[in-house]
**Student:** 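Sharing a structure below in structure tokens format, with a few things to ask.
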Amino acid sequence: MPKTLEGQITMEKTPSYFVTREAPARISAMSRDTKLIVVVRDPVTRAISDYTQTLSKKPDIPSFESLTFKNRTTGLIDTSWSAIQIGIYAKHLDNWLQYFPMDQILFVSGERLISDPAGELGRVQDFLGLKRIITDKHFYFNQTKGFPCLKKAEGSSKPHCLGKTKGRTHPNIDPEVVQRLRDFYRPFNMKFYQMTGRFFGWDD
């Protein structure tokens, strides 16, 4: 990490940190004062999105339904498949809480980042001790992508939207499989809500 001067904030992002077993100990050894921000979304939607991304690179992979189960007849979910494993947020958070107190971790709702980007980023700015500069006036909703975009990117007069890899159409998944996954994740979600003190509404 680069040296950070007084009054500066250095940020770094990698999606795999939260689910990598060794990451909390390593980050804690570097700086115990590090603030951590994790964007989470409905684990079922997240798993389908993960699969959709892989499918775009490897069109010949097995179906989502066949990868979800160790045994479809018994309905046993394959928790070794990373698309499923990543969404068990309570388990990953347990690992982080061995090294960092809860007040150094902020969980951002992926759903609210779409429906209310300024509100959710307001929470991020507060958490980092920053003045609330980003507001509703900085965003517009892009109907084609289905995401909010920045009206002007820093140092540019053009709007900035997420790249081509975001907003892909998900394949149709067997509703029974989706329901099985909802049932599988529900207890983990409830534990996660209790741990974070925030209800994300994924089980409605």
Side-chain angles (χ1 to χ4, degrees), residues 13-24 36-98 102 105-117 120 123 143-148 162-204:
K13 71 176 178 70
T14 301
S16 59
Y17 282 154
F18 186 56
V19 298
T20 302
R21 271 214 76 73
E22 302 79 15
L36 306 152
I37 300 172
V38 187
V39 181
V40 288
R41 67 191 291 201
D42 179 332
V44 178
T45 314
R46 204 219 67 79
I48 297 168
S49 178
D50 191 316
Y51 174 79
T52 306
Q53 191 169 357
T54 308
L55 189 64
S56 71
K57 295 172 190 158
K58 301 178 186 165
D60 54 346
I61 58 167
S63 71
F64 179 86
E65 289 84 347
S66 63
L67 290 166
T68 298
F69 297 104
K70 271 186 182 160
N71 182 325
R72 183 141 186 201
T73 317
T74 62
L76 190 65
I77 305 283
D78 188 355
T79 55
S80 68
W81 182 30
S82 67
I84 302 288
Q85 170 76 233
I86 291 169
I88 308 173
Y89 303 133
K91 179 183 157 208
H92 306 304
L93 179 53
D94 260 337
N95 190 26
W96 283 89
L97 290 176
Q98 291 174 45
M102 197 65 211
I105 310 172
L106 178 73
F107 286 93
V108 172
S109 161
E111 288 81 13
R112 283 187 59 83
L113 264 184
I114 295 169
S115 65
D116 178 23
E120 207 60 2
R123 292 178 65 245
Q143 295 292 347
T144 315
K145 290 207 81 73
F147 284 105
L162 293 167
K164 289 189 183 73
T165 63
K166 301 294 178 192
R168 285 196 191 97
T169 306
H170 289 177
N172 287 323
I173 306 296
D174 180 342
E176 186 205 335
V177 173
V178 171
Q179 192 52 54
R180 289 269 183 97
L181 275 175
R182 294 224 164 277
D183 295 341
F184 166 76
Y185 279 119
R186 192 169 291 109
F188 296 111
N189 291 345
M190 292 303 168
K191 186 181 176 200
F192 183 64
Y193 300 161
Q194 286 170 344
M195 292 168 87
T196 58
R198 187 171 185 201
F199 177 69
F200 288 88
W202 298 323
D203 308 281
D204 298 351

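The first residue of the sequence shown is numbered 1, and numbering continues consecutively from there. In this text the structure is predicted, and so the values were computed from the model without any measurement. Heavy-atom basis, side chains included; hydrogens, waters and symmetry copies ignored.
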**Student:** Taking side chain to side chain contact (heavy atoms under 4.5 Å, CB included) as the test, write out the residues that go with P117, two or more places apart.
**Tutor:** F139, P148
**Student:** State which residues pass side chain to side chain contact (heavy atoms under 4.5 Å, CB included) with L67; sequence neighbours excluded, sorted by chain then number.
**Tutor:** Y51, P62, W81
**Student:** Taking atom OH of Y89 and atom CZ of F18, what is their separation to the nearest 0.5 Å?
**Tutor:** 8.5 Å
**Student:** What pairs meet the salt bridge (charged side-chain N to carboxylate O under 4.0 Å, His left out) rule with one or both residues in residues 75-91, with sequence neighbours excluded?
**Tutor:** none
**Student:** Let me confirm one number: the CG-CZ distance from L76 to F69, rounded to the nearest 0.5 Å.
**Tutor:** 9.5 Å
**Student:** Between T20 (side chain) and A23 (backbone), is there a donor-acceptor pair under 3.5 Å?
**Tutor:** no
**Student:** For N172, does the CG atom sit with more than 12 other heavy atoms under 6.0 Å from it, leaving out its own atoms?
**Tutor:** no
**Student:** Which pairs count as salt bridge (charged side-chain N to carboxylate O under 4.0 Å, His left out) when at least one residue sits in residues 60-72, sequence neighbours excluded?
**Tutor:** R72-D174
**Student:** Under the side chain to side chain contact (heavy atoms under 4.5 Å, CB included) rule, collect the residues that match up with M195, sequence neighbours excluded.
**Tutor:** A90, L93, D94, L97, K191
**Student:** Apply side-chain hydrogen bond (donor to acceptor under 3.5 Å, both in side chains) to S63 and list each qualifying residue two or more places apart in sequence or on a separate chain.
**Tutor:** S66
**Student:** Enter the distance from I88:CD1 to N189:CG here, rounded to the nearest 0.5 Å.
**Tutor:** 10.0 Å
**Student:** Could you check whether any side-chain N or O of S49 sits under 3.5 Å from a backbone N or O of T45, counting only pairs where one atom can act as donor and the other as acceptor?
**Tutor:** no
**Student:** Would the F107 and F200 ring centres measure less than 6.0 Å apart?
**Tutor:** no
**Student:** State which residues pass ring pair (Phe, Tyr, Trp, His ring centres under 6.0 Å) with F184; sequence neighbours excluded, sorted by chain then number.
**Tutor:** F188
**Student:** Does Q98 have any side chain to side chain contact (heavy atoms under 4.5 Å, CB included) partners at least two apart in sequence or in another chain, and if so, which?
**Tutor:** N95
**Student:** So, using salt bridge (Lys or Arg N to Asp or Glu O under 4.0 Å) as the criterion, who are the partners of R123 when residues are at least two apart?
**Tutor:** E120
**Student:** Quick one: salt bridge (charged side-chain N to carboxylate O under 4.0 Å, His left out) pairs with a partner in residues 38-47, sequence neighbours left out?
**Tutor:** D42-R182, R46-D50
**Student:** Nearest 0.5 Å please: distance from the CD1 atom of I48 over to the OG1 atom of T68.
**Tutor:** 8.0 Å
**Student:** Restricting to side-chain hydrogen bond (donor to acceptor under 3.5 Å, both in side chains), what partner residues turn up for E176, sequence neighbours left out?
**Tutor:** R180
**Student:** Tell me, do V38 and W96 make a side-chain contact under 4.5 Å, heavy atoms counted?
**Tutor:** no
**Student:** Report yes or no: does Y185 contribute a side-chain atom to a donor-acceptor pair with the main-chain N or O of I84 at less than 3.5 Å?
**Tutor:** yes
**Student:** What distance separates I37 CD1 from Y17 OH, expressed to the nearest 0.5 Å?
**Tutor:** 13.5 Å
**Student:** Taking only residues two or more places apart in sequence, or in another chain, which ones meet E111 in a salt bridge (Lys or Arg N to Asp or Glu O under 4.0 Å)?
**Tutor:** none
